[in-house]
Number of protein chains: 2
Amino acid sequence: MSAQVVESSGRRKGDVFDSNCPSRTVLDHVTSKWAVLVLAALRTGPMRFSALRRTIGGVSEKMLAQTLRTLEADGFLDREVAPTTPPQVTYSLTQYGAELTEHLTGLVEWIAVRMPDIEAGRAARTGS
Amino acid sequence: MSAQVVESSGRRKGDVFDSNCPSRTVLDHVTSKWAVLVLAALRTGPMRFSALRRTIGGVSEKMLAQTLRTLEADGFLDREVAPTTPPQVTYSLTQYGAELTEHLTGLVEWIAVRMPDIEAGRAARTGS
DNA sequence: CTGTATCCAGGTTGATACTG
DNA sequence: CAGTATCAACCTGGATACAG
């Protein structure tokens, strides 16, 4: 799993530490402010644009659309348009998206659970 | 684990979907471009400033220092200064930092492993 | 409803120079 | 070595208006 080709630079292929590696681009995409929340929201099932907008507090239409397009281009999201009037667009996780989201939600839930301890620690350091 | 207090807004306490929740701040910190890489780098052991700078491709001194200060304030990093000349500053993960990093590296490694498939999928969509 | 286009303010980043 | 200060450039992101 960690046995990989070593280049002259001393970095491994697929290494996120390499600023020229494509995986850095993907990493930036999925760890972007809104992408994390979009993926987390879709984890429980497909959602429409407006539902995502309502679920994710503080997101603008522009940022949501932009994030959705990026994630779709990366192959993490499927976009399905119902030819009705008005149109209904539903987003869902692809298989890759679902795998990715498992890792992300693990992170998100850990933060949610540990948040009280984190804040307490911060307050203690500020106080001392 | 998922049983939490429901507020009038319909959001759960500690919910990252709430734009006013402190956990959103922490989430933004740890998913920021450089924080992910700093934490991943420190996973294998303590490192000094210059070593981090070398390891993480493309990071500037300013951004590295800024990221380190944020993570330290959040309680994920310890900063130890050796009173020598020139000074040597070593960074290491706290217990929280180590837990957090486990989740992050899971994500990072998944991306590294899946990268070929992701790129192939992207190429296929572009071509069609 | 689900976007896209445009404009613009503000924050983030990087280069550079400087300090302990 | 390990930063901090400053400044300009870039990009992000929000508001608004408009389109399919």
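Residue numbers start from 1 in every chain, and the chains themselves are labelled A, B, ... in the order their sequence lines are given, proteins ahead of strands. Remember, predicted model here, so these are calculated numbers, not experimental data.
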[N] phosphate, OP1 or OP2: any side-chain N/O from [X] under 4.0 angstrom?
X: B:R48; N: D:dC1; value: no
X: B:R54; N: D:dA2; value: no
X: A:T84; N: C:dC1; value: no
X: A:Y91; N: C:dG3; value: yes

Euclidean distance, atom [atom1] of residue [X] to atom [atom2] of [N] [Å, nearest integer]:
X: A:D28; N: D:dC11; atom1: CG; atom2: P; result: 14 Å
X: A:L77; N: C:dT2; atom1: CG; atom2: P; result: 15 Å
X: B:Q66; N: D:dG3; atom1: CD; atom2: C1'; result: 13 Å
X: B:E72; N: D:dG3; atom1: CD; atom2: P; result: 9 Å
X: B:I56; N: C:dT13; atom1: CD1; atom2: C1'; result: 16 Å
X: A:M63; N: C:dG10; atom1: CE; atom2: C1'; result: 14 Å
X: A:L52; N: C:dC1; atom1: CG; atom2: P; result: 14 Å
X: A:L37; N: D:dG13; atom1: CG; atom2: P; result: 12 Å

Of B:D78, B:L52, B:L71, B:L64, which is the lone residue that meets side-chain contact (heavy atoms from CB on, under 4.5 Å) with B:Y91?
B:L52
Are A:C21 and A:D15 side-chain neighbours, meaning at least one heavy-atom pair lies under 4.5 Å?
no
Does any non-hydrogen side-chain atom of A:L107 lie less than 4.5 Å from one of B:T31?
yes
B:R69 side-chain proximity, nearest of C:dG3, D:dG14, D:dT4
D:dT4
Encode nucleotides 15-20 of chain C as B, S and - characters from 5' to 3', where the letter depends on protein heavy atoms closer than 4.0 Å: B to the base, S only to sugar-phosphate, - to neither.
B----B
Between CG of B:D28 and OG1 of B:T70, what distance do you get to the nearest 0.5 Å?
11.5 Å
So, taking the atom named NE2 in B:H29 and the one named CG in B:L100, what distance separates them when rounded to the nearest 0.5 Å?
12.5 Å
Option from A:H103, A:E102, A:E99 for which side-chain hydrogen bond (donor to acceptor under 3.5 Å, both in side chains) with B:W110 holds:
A:E99
Return the 5'-most residue of the pair B:F49, A:K33 with respect to DNA chain D, ranking by each residue's nearest nucleotide.
B:F49
Toward the 5' end of DNA chain D, by each residue's nearest nucleotide, B:A51 or A:V59
B:A51
Output all residues satisfying side chain to side chain contact (heavy atoms under 4.5 Å, CB included) with B:T101, sequence neighbours left out; order by chain, then residue number.
B:L39, B:R43, B:L93, B:T105
